[in-house]
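Okay, so here's the structure we're looking at.
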Amino acid sequence: MNNINLEFNNEFIVINNNQNEWVKLNVGGQIIHTTLTTLTKEKGSMLGLMFKKDTTWKHTRDENGFILIDADPRYFMVILNFLRHGEIVVEPNLNYYGVLSLARYFGLNSLTDLIDNEENNKNSWSNLLEENFVSNELDHNRWIVQRDSPGSNFILEEGKFKLINRAYLVSKEQFNPDDGEIRVTGIWTKDSQEDFFQIATRSDGSNQGSPYFEVKNGIEFHYSRGQATIIGRGSILPSGMVKIKKQGEFFFGAGVPVHFEIFDDGCTVSFSLWETTHNTSITIETTCTNKNLTNYLVIHNREKINTNSMSSWISNLKVSRWDKSTPRRNRYRRLTDKRLNLNTSM
């Protein structure tokens with residue numbers, strides 16, 4: 001930045017770059033830089049009152065003059081990102097209730113309402129299938145395995161299902177999104193950096209045959225070579241604008257357990273991937289209104305490349321259905337449409 005200087009401004013330590021007023025905070029021992037615009041985004045909140053320019057609030061400062069806030073910095077960063085972008089991003093190992101408690105303390109009603117809605121929604125999902133692969137024998141009442149691709153195979157071991165060289169794991173039960181939005185969650189771990197993440201809904205479970213044995217029809221949620229995509233197979237074609245969100249540069253390395261969450265309500269489809277080793281995530285969403293006569297769930301990885309085998313592990317697999325008569329607005333739209341009813345300029 002050019003022409004930067006430090007100054008006191010209404011009790012704040014401010015970095016003035018003639019564009020924004022950057023404030024230095026000491027939140028539970030962690031130094032955080034943000035702007036007065038962000039901190040005062042929600043008018044009438046206690047946080048907004050603490051930092052508005054004509055405030056009479058008496059701030060306590062550390063030895064460097066940074067404003068002290070007695071709060072867990074992990075929860076405060078969730079709040080700060082919500083004020084910046086209007087969206088909630090909570091890592092899997094972070095307690096939602098800690099964020100909710102701090103948001104209530106600061107009087108951020110838009111955020112507390114949003115979290116309350118999220119928590120209420122958790123009770124509106126019914127479990128259709130939960131598979132922990134605890135047995136060394138495949139449950140043939142639940143699954144069919146197809147091994148059409150050369151060298152394909154599978155292994156059940158220690159609560160995980162290992163896909164080898166594009167083996168297909170196909171559900172015996174159908175999950176039709178017209179009967180209620182479908183959610184698929186689980187953990188995917190690649191043995192090889194070059195392997196693919198591929199899960200399809202609205203499929204008949206068949207493949208296209210040689211040479212690649214890709215899914216013949218359905219809506220495929222796909223990640224490979226650093227790219228997340230939603231692919232239409234057969235007559236199932238995504239038709240809407242693709243929206244992508246990232247937290248950090250998403251990392252899907254070999255041996256790194258990656259959590260996945262897929263939503264399909266028959267119109268809006270989305271999937272999220274996140275990992276806690278590097279604390280990165282990616283979400284992609286689009287629309288697809290094409291229907292299929294059969295609606296099996298298909299899970300597979302990449303085919304064998306020359307002499308190089310490809311393998312990935314699936315664990316903690318769960319399929320749920322939205323039970324309420326009113327549609328659940330998908331996560332992306334809910335978190336962006338319920339932005340603060342304020343000027344969102346940064």
Side-chain angles (χ1 to χ4, degrees), residues 128-129 131 138-154 161-179 181-186 188 190 192 194-225 227-240 242 260 262-271 273 284-306 308-314 317 319 321:
L128 301 181
L129 184 150
E131 182 61 85
L138 185 68
D139 187 344
H140 294 286
N141 293 318
R142 290 183 167 189
W143 303 104
I144 298 172
V145 175
Q146 296 178 8
R147 290 178 283 187
D148 296 338
S149 181
S152 61
N153 207 340
F154 73 96
F161 184 97
K162 187 175 185 179
L163 297 161
I164 303 172
N165 298 328
R166 192 147 282 171
Y168 273 48
L169 182 65
V170 184
S171 66
K172 294 198 74 172
E173 183 179 355
Q174 296 192 50
F175 306 109
N176 189 342
D178 287 344
D179 297 332
E181 183 177 15
I182 299 299
R183 178 176 65 179
V184 184
T185 61
W188 188 294
K190 299 190 299 185
S192 168
E194 300 303 315
D195 206 356
F196 294 173
F197 169 97
Q198 294 176 277
I199 296 179
T201 59
R202 307 190 213 177
S203 177
D204 68 359
S206 63
N207 63 70
Q208 299 176 24
S210 182
Y212 300 116
F213 298 88
E214 298 282 6
V215 167
K216 189 173 184 179
N217 52 58
I219 185 81
E220 181 180 305
F221 305 88
H222 182 113
Y223 187 91
S224 64
R225 302 188 181 100
Q227 297 293 322
T229 53
I230 297 177
I231 301 171
R233 300 290 188 184
S235 61
I236 310 296
L237 300 174
S239 56
V242 176
F260 62 86
I262 292 169
F263 291 98
D264 182 357
D265 66 3
C267 178
T268 301
V269 290
S270 68
F271 80 106
L273 301 170
I284 182 168
E285 178 189 291
T286 189
T287 56
C288 181
T289 57
N290 302 121
K291 302 183 186 303
N292 207 357
L293 294 177
T294 50
N295 292 274
Y296 296 106
L297 179 69
V298 179
I299 304 170
H300 69 84
N301 69 325
R302 190 180 185 182
E303 78 283 1
K304 185 176 183 180
I305 305 299
N306 299 320
N308 298 321
S309 288
M310 298 291 154
S311 59
S312 287
W313 298 86
I314 305 295
L317 186 64
V319 182
R321 173 174 287 129

Side chain to side chain donor-acceptor pair (under 3.5 Å) between W143 and S171, worked out | CA-CA 5 Å; W143 303 104; S171 66; over 6 Å; no
Walk me through it: do R166 and Q198 pass the test side chain to side chain donor-acceptor pair (under 3.5 Å)?
-> CA-CA 10 Å; R166 192 147 282 171; Q198 294 176 277; 2.7 Å; yes
Start with the C-alpha distance between N176 and I182, add both sets of side-chain angles, then the distance that settles side chain to side chain contact (heavy atoms under 4.5 Å, CB included), and finish with yes or no.
-> CA-CA 8 Å; N176 189 342; I182 299 299; over 6 Å; no
Please step through side chain to side chain contact (heavy atoms under 4.5 Å, CB included) for the pair L138 and F161, ending with a clear verdict.
-> CA-CA 9 Å; L138 185 68; F161 184 97; 3.9 Å; yes
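In this structure, the side chain of T287 engages the main chain of G240 through a donor-acceptor pair within 3.5 Å. A donor-acceptor distance shorter than 3.5 angstrom exists from the side chain of S203 to the backbone of N217, with no hydrogens or angles considered. A donor-acceptor pair is defined here as one N or O able to donate and one able to accept, closer than 3.5 Å; such a pair exists between the side chain of Q174 and the backbone of N295. Checked by atom type and distance alone, the side chain of S270 never pairs as donor or acceptor with a backbone atom of E285 at under 3.5 Å. With N301 contributing its side chain and D195 its backbone, the two residues share no donor-acceptor pair below 3.5 Å. For R202 (side chain) and N290 (main-chain N/O), a donor-acceptor pair under 3.5 Å exists by modelled atom type. R183 places no side-chain N or O within donor-acceptor distance of the main-chain N or O of R321, the cut-off being under 3.5 Å. Remark: side-chain polar atoms of Q208 are paired, donor with acceptor, to backbone N or O of V215 under 3.5 angstrom. With D265 contributing its side chain and C267 its backbone, the two residues share a donor-acceptor pair below 3.5 Å.
Between F213 and N165, every side-chain heavy-atom pair lies at or beyond the 4.5 Å cut-off. Using a 4.5 Å heavy-atom threshold, the side chains of T229 and Y223 count as separate. Side-chain contact between N207 and Y212 is absent, with no heavy-atom pair separated by less than 4.5 Å. With a 4.5 Å cut-off on side-chain heavy atoms, V298 and L169 do not count as touching. Between I305 and E194, the closest side-chain pair of non-hydrogen atoms is not below 4.5 Å.
With respect to the salt-bridge test (charged N to carboxylate O, under 4.0 angstrom), the residues D178 and K291 qualify. A salt bridge is defined here as a Lys NZ or Arg NE, NH1 or NH2 lying under 4.0 Å from an Asp or Glu carboxylate O, and R142 with E173 fails to meet this definition.
With rounding to the nearest 0.5 angstrom, the CD1 atom of I219 is 9.0 Å from the CD1 atom of I231. Expressed to the nearest 0.5 Å, how far CD of E303 lies from OG of S152 amounts to 11.0 Å. Considering CD of Q146 and OG of S206, their distance stands at 7.5 Å, rounded to 0.5 Å.
Between F197 and F260, the gap from one ring centroid to the other is short of 6.0 Å.
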